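Proteins get letters first, then strands, A, B, ... in listed order; numbering begins at 1 in each. Just so it is clear, the structure is predicted and the values come from calculations on it, not from any experiment.
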Amino acid sequence: MTAIERVASALVWAVALFAIVFLLTPLVVTVAVSFGSSAVFTLPPPGWSMRWYNQLPATRGLWPSLATSLQIATLSTLVSLVLGTLCAIALVRGRFSGRDAIATFLVSPLMLPGLVVGIAMLQGFKAVGLREAWPSLLVAHVVITMPYVVRTVLAALSLFDFTLIDAARTLGCSYGKALRKVMVPALAPAFLTSAMFAFLASMDNYPISIFFTDAWTKTLPIQMLQFVEERPDPVIAAISTGLILLAVIALIIGDRLVGLRRLADF
Amino acid sequence: MSGAAQRDPIGWLALPAVAYLGLVYALPLVFLLARSVTGPEGFTLQLFGQFFADPYSWRVIWNTLRIALLTTLVCLLIGFPVAIAMARAKGLMQVALLVAIILPLSIGVVVKAFAWQIVLRRDGVVSQFLVGTGIWSEPQRLLFTETGLVMGAANVFLPFMILPIYSVVKLIDPRLSEAGATLGASPLYRFRRIFLPLTLPGLVSGIAFVFSMSVSMFVIPSLLIGDRFQMLATLTGRSFLLMRNEALGSTTAVVLLVLAVSIVVASSWLAKRLGGSQ
């Protein structure tokens with residue numbers, strides 16, 4: 001190694017270390033603040049306590065919004081899994097023109113500003129008379145979750161060897177049984193990772209959901225932003241720590257199922 | 001599509017998803033665009049004329065582009081070396097890098113923006129660190145400043161810069177560089193003529209991701225810099241949610257949409273050209 005390469009390599013590792021600290025800073029700070037005893041955000045906190053967690057059960061609006069978010073995220077992920085998988089099969093196995101265009105179209109909600117998509121959908125829903133918050137949220141969130149399913153399942157399907165199904169049928173399986181026994185297990189990791197990312201994207205969405213909530217039906221991010229504006233105290237940090245814990249669990253499950261490296265295959 | 005699909009029964013499976021997104025998402029977007037250029041007497045660009053005649057609009061556009069460019073630049077400067085490190089890392093370092101990049105991806109932007117509110121305060125971690133190392137002589141507030149906004153945004157979008165570059169870097173055959181060395185190329189020459197061209201598609205898609213996300217970010221600026229500093233997305237949100245000014249909101253929404261679509265189109269064109277040239 002020459003001197004330049006040694007310097008370059010040292011620089012790369014220094015930046016990498018910095019990035020680890022930089023990326024994890026907000027998470028560490030949130031967790032630290034949530035266990036602090038003081039109502040102001042001093043770091044390190046003067047003492048440790050669970051007082052902010054004890055306030056969680058009594059936090060108004062938290063549990064209904066969590067329930068709404070969980071329902072919407074689960075249902076919209078399921079709808080996207082069904083529609084998205086059917087579409088991915090058509091795109092991989094079908095022989096019609098415009099397949100690339102369809103794939104780009106279904107992933108495009110990820111690339112456009114959420115706020116603009118939200119405004120357009122709000123006006124569209126109004127035009128057809130859909131005004132209730134809950135169904136509007138569900139219909140809108142399918143658009144948010146669909147890209148994750150289509151992208152991941154499409155990638156997995158294009159690697160899947162369809163002759164395996166023919167092989168299973170030659171060996172006496174019916175077509176349906178061959179699909180169930182051969183294709184579904186092979187695609188299971190793709191279903192799980194895409195469902196995970198879709199679910200988290202729905203749970204996290206703010207810019208689209210904001211247009212479809214009302215005083216009674218709020219999703220968690222919208223309720224949390226309201227907390228931040230109204231009463232910035234460590235209760236929000238405690239809620240956030242709960243969500244971080246959820247993400248850590250999802251990451252561990254993802255690691256067990258497909259491995260961390262595969263999760264990074266963005 | 002339907003004509004072709006009739007000949008191919010499997011093609012029909014695409015119909016439910018395409019119809020759903022067509023009706024719920026594409027059609028409303030087309031109507032939004034159509035309405036923005038329609039007045040009482042048919043086609044008009046009057047709303048855009050008004051918008052672009054106002055110097056305030058230009059300041060908002062300038063704010064949007066400047067912050068997005070700065071954020072992209074910071075992400076590129078940090079993300080490029082990190083992507084290289086990730087392709088080379090083994091053992092604990094690899095796990096640490098993967099966790100540091102993937103974990104924040106699964107945590108909501110409201111949570112992260114809230115955390116940055118704490119980090120960027122006068123008594124926050126960054127201020128304490130800079131005073132401790134002697135870079136600052138006294139504690140200062142970064143919250144509600146442009147520097148603070150760029151730091152927070154770069155933090156949220158950094159993984160979207162790292163991952164596309166990483167996916168390209170990990171495929172580069174190290175023997176290419178060794179071959180270059182055997183032929184007498186200097187490290188800098190090898191970086192410039194072998195490594196950089198091969199990573200360009202990843203760099204382009206990382207830059208496009210981060211730039212388009214920073215152009216349209218909404219929650220981060222409203223929490224980290226506040227209402228006095230407007231970007232296109234925050235102005236759009238405010239027009240609809242607070243000011244009830246749908247005309248202004250639709251105009252800024254369309255400007256934002258055109259900006260985002262041109263970034264996506266330009267970057268995919270560039271990526272295709274770069275991919276084709278290899």
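Looking at B:Phe31, neither its backbone nor its side chain comes within 4.5 Å of chain A, counting heavy atoms on both sides. Looking at B:Ile263, neither its backbone nor its side chain comes within 4.5 Å of chain A, counting heavy atoms on both sides. Contact of B:Val109 with chain A is made through backbone and side chain together, with heavy-atom distances under 4.5 Å. With a 4.5 Å cut-off on non-hydrogen atoms, B:Tyr166 touches chain A through its side chain but not through its backbone. Contacts between B:Asn155 and chain A at a heavy-atom distance below 4.5 Å involve backbone atoms as well as side-chain atoms. Residue contact with chain A, scored on non-hydrogen atoms closer than 4.5 Å, involves the side chain of B:Arg121 exclusively. Proximity to chain A is limited to the side chain of B:Leu158, based on heavy atoms less than 4.5 angstrom apart. Neither the backbone nor the side chain of B:Arg122 comes within contact range of chain A, judged by heavy atoms closer than 4.5 Å. With a threshold of 4.5 angstrom between heavy atoms, B:Leu232 does not approach chain A through any atom at all. Heavy-atom distances place no part of B:Phe191 under 4.5 Å from chain A, backbone and side chain included. The part of B:Ile118 that comes within reach of chain A is its side chain, from C-beta onward, which places non-hydrogen atoms under 4.5 angstrom from that chain. Looking at B:Val219, only its side chain comes within 4.5 Å of chain A, counting heavy atoms on both sides. Using a 4.5 Å cut-off between heavy atoms, B:Met86 touches chain A through backbone and side chain atoms alike. If you measure heavy-atom distances from B:Leu98 to chain A, the contacts under 4.5 Å come from the side chain alone.
Counting all heavy atoms, side chain and backbone alike, A:Val15 lies closest to B:Ile78 at CG1-O, 3.6 Å. The minimum heavy-atom distance between A:Ser38 and A:Trp52, with the atom names listed, is O-CZ2, 3.5 Å. Taking both residues in full, the closest heavy atoms of A:Pro221 and A:Asn205 are given as CG-O, 3.6 Å, listed atom of the first, atom of the second, then distance. Of all the heavy atoms in A:Arg99 and A:Val92, the pair that sits closest is NH1-O, 4.4 Å. Across all their heavy atoms, B:Pro187 and A:Ile4 have their closest contact at CB-CG2, 4.3 Å.
Options B:Ser222, B:Ala89, B:Pro16 differ in how many heavy-atom pairs under 4.5 Å they form with chain A, and the most are formed by B:Ala89. Contact tally against chain B (heavy-atom pairs below 4.5 Å) for A:Leu243, A:Leu106, A:Ile89: the top residue is A:Leu106. Annotation: maximal heavy-atom pairing with chain B below 4.5 Å, among A:Asp255, A:Thr30, A:Ile244, occurs at A:Ile244. The candidate with the highest count of non-hydrogen atom pairs below 4.5 Å against chain B, out of A:Val139, A:Leu122, A:Leu24, is A:Val139. In terms of non-hydrogen atom pairs under 4.5 Å with chain A, the most contact-rich of B:Leu29, B:Leu27, B:Val95, B:Leu77 is B:Leu29. Comparing B:Ser268, B:Ser216, B:Ala115, B:Ala85 by heavy-atom pairs within less than 4.5 Å of chain A, the highest count is held by B:Ala85. For the options A:Ala201, A:Gly254, A:Ser240, heavy-atom pairs under 4.5 Å to chain B are most numerous at A:Ser240. Top candidate by heavy-atom pairs under 4.5 Å with chain B, chosen from A:Leu27, A:Val128, A:Val79, is A:Leu27.
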Check: When you look at A:Phe125 and A:Phe212, which way does the ring-ring contact (aromatic ring centres under 6.0 Å, His included) test go after all the steps?
Finding: CA-CA 10 Å; A:Phe125 291 7; A:Phe212 302 107; 5.1 Å; yes

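Taking the six-membered ring where the residue is Trp, A:Tyr206 and B:Phe218 present parallel rings, their angle staying beneath 30° rather than reaching 60°. Ring geometry, B:Phe80 versus B:Phe195: the interplanar angle falls under 30°, so the pair is classed parallel (tilted spans 30 to 60°).
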